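Working notes for the structure below.
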Amino acid sequence: MARRIVILGSTGSIGRSTLEVVRRHAPAFDIVGLVAGRQVERLAEQVREFQPSAVSVADEASARELRRLLSGRVPEIRLGSQGAAEVAVGTGAEVVVAGIVGAAGLIPTLAAVSAGLVVALANKEALVVAGELMVKAARDAGAPLLPVDSEHNAIHQCLRAGQVSEVRRLVLTASGGPFRGWSRARLESVTREQALNHPTWKMGPKITIDSATLMNKGLEVIEASWLFQLPPSAIDVVVHPQSVMHSMVEFRDGSYIAQMGTADMRHPIQYALTWPARWEAASSRLDLLGVGPLTFEAPDLEAFPCLRLAYAALREGGDTPARLNAANEVAVARFLAGQLSFVEIPRVIEQTLAAESTRPVSELADLLDADRRARHTAQFLIDREISTR
């Protein structure tokens, strides 16, 4: 029987790549639910092709537009984050691909985990914001969390060669983004177009900016700590500009196991969809003879302080990672809107974290409140800065 799949964030980069994998392996997969925001024209095309039984969109206006575009057979339409959660758990899915960018994907992803479904996790913010709750829910429900981020997916593959108890450290690789080697002074003049021009990966705008600031790697450190139950001291980051070695594990006997492949998100997506089996590749294969030299460098934490801030938030615990993530989302959005400079992104994050002390977390409401407070603080700080220019 076909494996039944729901995609959270079907119109985004991860969602579209997932559908490419599904096309490659049809009829082995059955898309039973699609969740999008307001990109209803693209969603309508996906609905016509894959015929899901239910979809979710951001609001009633988006739902009306989707009905107009489809005109004929219209699937059941749900609204907002709660509607996304209902599509995730109420359509008979076996696998839920969590590809919604940012904290917006937290509620439907947590619902899928709590329901015991296999979750292919591409939304790193779900673990950054609510790592303890997410891991506990997965453990209680017996839900496998299969990472889709290329680095964590690589670690997951490497750990098939050994146990977590045998690990000395995880090594997450970073491309270095478009500004690798730039000084902090040179970064003062970075433009939006430059920051969106990633040298290796083709991704959405938010994650591309995070890659340029190295916040993406910081979020991945937090995610790796929860996924693999290791402290920050056991997780290192190295800059590997060729993006061929996606991450590696150093075991306590001194052995390194690394995962290599092309810079193509279809590979980790397919791995998660077909796990524990490996199917014929839906992506291009690595040409070893054409790769050239592979190099590794230490990240520059002075020029790119976001990575340092993420490590500090992980060590602090409580609601601090949630506030870090919220402040970063606000700052990146304002940078993309042309209201904030590139070097002001980490400054806003650091000031937002300093505005209040860490609070303990016992339930989801605590994290949602921390997210709300941090967004308000970050917006205030940015508006104040703009008013003084």
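Everything numeric in this text was worked out from a predicted model, so none of it was measured.
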Check your understanding: Out of His240, Lys217, Arg180, His198, which residue meets the side chain to side chain donor-acceptor pair (under 3.5 Å) rule with Ser175?
Key -> His198
Exercise for review: Give the intermediate values and the outcome of salt bridge (Lys or Arg N to Asp or Glu O under 4.0 Å) for residues Glu94 and Arg3.
Suggested key: CA-CA 7 Å; Glu94 300 168 82; Arg3 190 167 294 184; 5.2 Å; no
Practice item. Indicate yes or no for a side-chain donor-acceptor contact from Asp366 to the backbone of Glu363 under 3.5 Å, with no hydrogens or angles considered. Key: yes
Check your understanding: Which distance, rounded to the nearest 0.5 Å, do you find between the OG of Ser247 and the CD of Gln157?
Key -> 11.0 Å
Revision key, fill the gap. Shortest non-hydrogen pair, Val87 vs Val6, comes out as O-CG2, 3.7 Å
Point to revise | Verdict with supporting geometry, Ser53 and Glu76, side-chain hydrogen bond (donor to acceptor under 3.5 Å, both in side chains) | key: CA-CA 6 Å; Ser53 60; Glu76 183 179 355; over 6 Å; no
Point to revise | Backbone of Arg347 reached by a side-chain donor or acceptor of Glu350 within 3.5 Å | key: no
Review point. Considering all heavy atoms of both residues, which atom of Val164 and which atom of Phe228 are nearest to each other, and what is their separation?
Key: CG1-O, 3.4 Å
Review point. Between Val32 and Arg4, what is the shortest heavy-atom contact and its length?
Key: CG1-CB, 3.9 Å
Review point. With a 4.5 Å limit on heavy-atom distance, are the side chains of Val47 and Leu69 in contact?
Key: no
Practice item. Report yes if the side chains of Glu385 and Val348 come closer than 4.5 Å at any heavy-atom pair, otherwise no. Key: no
Practice item. Evaluate ring-ring contact (aromatic ring centres under 6.0 Å, His included) for His156 paired with Tyr271, printing each intermediate quantity in order. Key: CA-CA 10 Å; His156 192 278; Tyr271 174 87; 5.7 Å; yes
Review point. Using the ring of each side chain (for Trp, its six-membered ring), is Trp279 parallel, tilted or perpendicular to Phe29, with breaks at 30° and 60°?
Key: parallel
Check your understanding: How about Arg73: does its CZ atom have over 12 heavy atoms from other parts shown lying under 6.0 Å from it?
Key -> yes
Review point. Looking only at atom types and distance, does a side-chain atom of Asp300 sit under 3.5 Å from a main-chain N or O of Ala303, one as donor and one as acceptor?
Key: yes
Exercise for review: Measure up the Trp182 and Phe179 rings against each other and bin them: parallel (under 30°), tilted (30 to 60°), perpendicular (over 60°).
Suggested key: tilted
Practice item. Report yes if some heavy atom in the side chain of Met265 is under 4.5 Å from a heavy atom in the side chain of Val148; otherwise report no. Key: yes
Review point. What is the minimum heavy-atom distance between Gly99 and Ala122, and which atoms define it?
Key: CA-CB, 4.1 Å
**Study point:** Gap between atom CD1 of Ile382 and atom CG of Leu340 - 0.5 Å precision
**Key:** 5.0 Å
